[in-house]
There are 2 protein chains.
Amino acid sequence: MSTEERLERAMRLCTGRGARLTPQRARVLRILIEAERPLGAYEILAEMAGGQRALAPPTVYRALEFLLAQGLVHRLETLNAFIDCRHPERPHPAQFLICSACGRVVEIDDEAIAARLLDAASQSGFAPSRKVVEVIGVCEGCR
Amino acid sequence: MSTEERLERAMRLCTGRGARLTPQRARVLRILIEAERPLGAYEILAEMAGGQRALAPPTVYRALEFLLAQGLVHRLETLNAFIDCRHPERPHPAQFLICSACGRVVEIDDEAIAARLLDAASQSGFAPSRKVVEVIGVCEGCR
DNA sequence: TACAAAACGTTATATTGTATCTTTTCGTCA
DNA sequence: TGACGAAAAGATACAATATAACGTTTTGTA
């Protein structure tokens with residue numbers, strides 16, 4: 001799926017929800033899609049500033065906040081970075097494999113892991129709202 | 001198990017491994033044990049500075065680095081904070097339930113989750129080195 | 001005791017993230 | 001269509017987290 005197709009899909013999703021994927025927000029999303037790797041907020045900021053008057057951090061953080069809320073991007077806690085989501089249509093358990101050699105990230109959506117985790121949380125009397133699962137390792141290509 | 005017992009256990013573990021749990025490091029560990037909740041590095045720093053000449057951030061970060069390497073504390077990625085480990089005797093899968101209301105954290109060591117995660121990673125040709133599993137939610141007491 | 005490695009101190013700075021207030025844009029409705 | 005209120009974006013300042021670099025002290029050991 002091309003960058004343009006993804007952006008169009010994102011636009012459709014937002015419109016359908018009454019959310020506004022403004023040019024600014026779409027620009028952040030485009031940068032993340034084209035990067036094909038996780039980017040820090042300040043890396044995005046640098047991309048956006050290219051050739052234009054400099055933007056301030058809150059601009060990027062606000063766009064990211066929106067995109068996260070819409071499920072269009074994910075935040076990688078171990079990297080303090082952001083990556084676009086490949087299946088933003090519906091909520092899904094998101095687990096990430098992060099290669100410490102090349103920096104690439106694979107998103108897997110394993111329902112079994114999510115279910116087991118939910119189960120364990122319930123046993124401890126816990127009502128989960130967000131699950132963070134990140135595996136750091138070395139990918140096939142880097143071994 | 002009391003604070004003192006835990007500190008003694010930590011000392012035994014380190015001695016047995018040829019690692020040095022120095023007074024400085026033990027002090028950081030004690031602060032984490034007594035806190036009974038996750039602390040940020042700068043919170044630890046503030047505790048240590050109490051009544052004494054001020055210490056600098058690297059002091060705390062270096063102690064934490066040691067304690068993490070020895071498995072005596074864990075880092076909570078979603079909170080940028082640290083918490084003492086309840087079963088430091090041997091390596092174990094560490095999963096955390098983090099209450100967004102009271103801030104308390106429960107460590108669960110669910111081998112099934114770890115195994116399933118390892119399995120999923122392997123299927124993607126991934127060789128894991130570290131697994132981060134953190135569930136944010138509301139604990140029983142807070143509901 | 002002398003040496004090398006480990007631990008620690010100190011200063012400075014990098015990186016990541018927010019609070020606050022103002023201005024602009026957008027949708028809606030009289 | 002023009003005014004109004006809400007949402008978004010701009011701008012400034014700063015808070016919170018983390019590390020680099022380098023010198024000094026301590027420690028274990030030959």
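Keep in mind that this is a model prediction, so the values were computed, not measured. Note on naming: letters A, B, ... go to the chains in the order of the sequence lines (proteins, then strands), and numbering restarts at 1 for each one.
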For [X] and [N], is the shortest distance between a side-chain N/O and OP1 or OP2 below 4.0 Å?
X       : N      : value
B/Gln24 : D/dT26 : no
A/Asn80 : D/dT17 : no
A/Thr59 : D/dA9  : no
B/Arg75 : D/dT17 : no
B/Thr22 : C/dC8  : yes

Whole-Å gap separating [atom2] ([N]) and [atom1] ([X]):
X       : N      : atom1 : atom2 : value
A/Glu77 : D/dA18 : CD    : P     : 12 Å
A/Tyr61 : D/dG10 : OH    : P     : 17 Å
A/Arg25 : C/dT25 : CZ    : C1'   : 12 Å
B/Leu55 : D/dT24 : CG    : P     : 19 Å
A/Phe66 : D/dA8  : CZ    : C1'   : 11 Å
A/Leu39 : C/dT16 : CG    : P     : 11 Å
B/Glu65 : D/dA18 : CD    : C1'   : 12 Å
B/Leu21 : C/dA7  : CG    : P     : 11 Å

What's B/Arg20 touching, base or sugar-phosphate or nothing? Going by heavy atoms closer than 4.0 Å. sugar-phosphate
### Message
Students often get this wrong, so: under 4.0 angstrom with heavy atoms, is A/Arg62 touching a base, only sugar-phosphate, or nothing?
### Response
base
Has [X] got a side-chain atom pairing as donor or acceptor with [Y]'s backbone, closer than 3.5 angstrom?
X        : Y        : answer
A/Glu47  : A/Ile31  : no
B/Arg27  : B/Met48  : yes
A/His87  : A/His92  : no
B/Arg143 : A/Gly125 : yes
A/Gln24  : A/Thr59  : no

Residue pair B/Leu79/A/Ala19 against DNA chain D: nearer the 5' end by closest nucleotide is A/Ala19
task: Kindly say whether, by distance alone, the side chain of B/Tyr42 makes a donor-acceptor pair under 3.5 Å with the base of D/dA18?
output: yes
Closest to the 5' end of DNA chain C, once B/Pro58 and A/Ala81 are matched to their nearest nucleotides, is B/Pro58
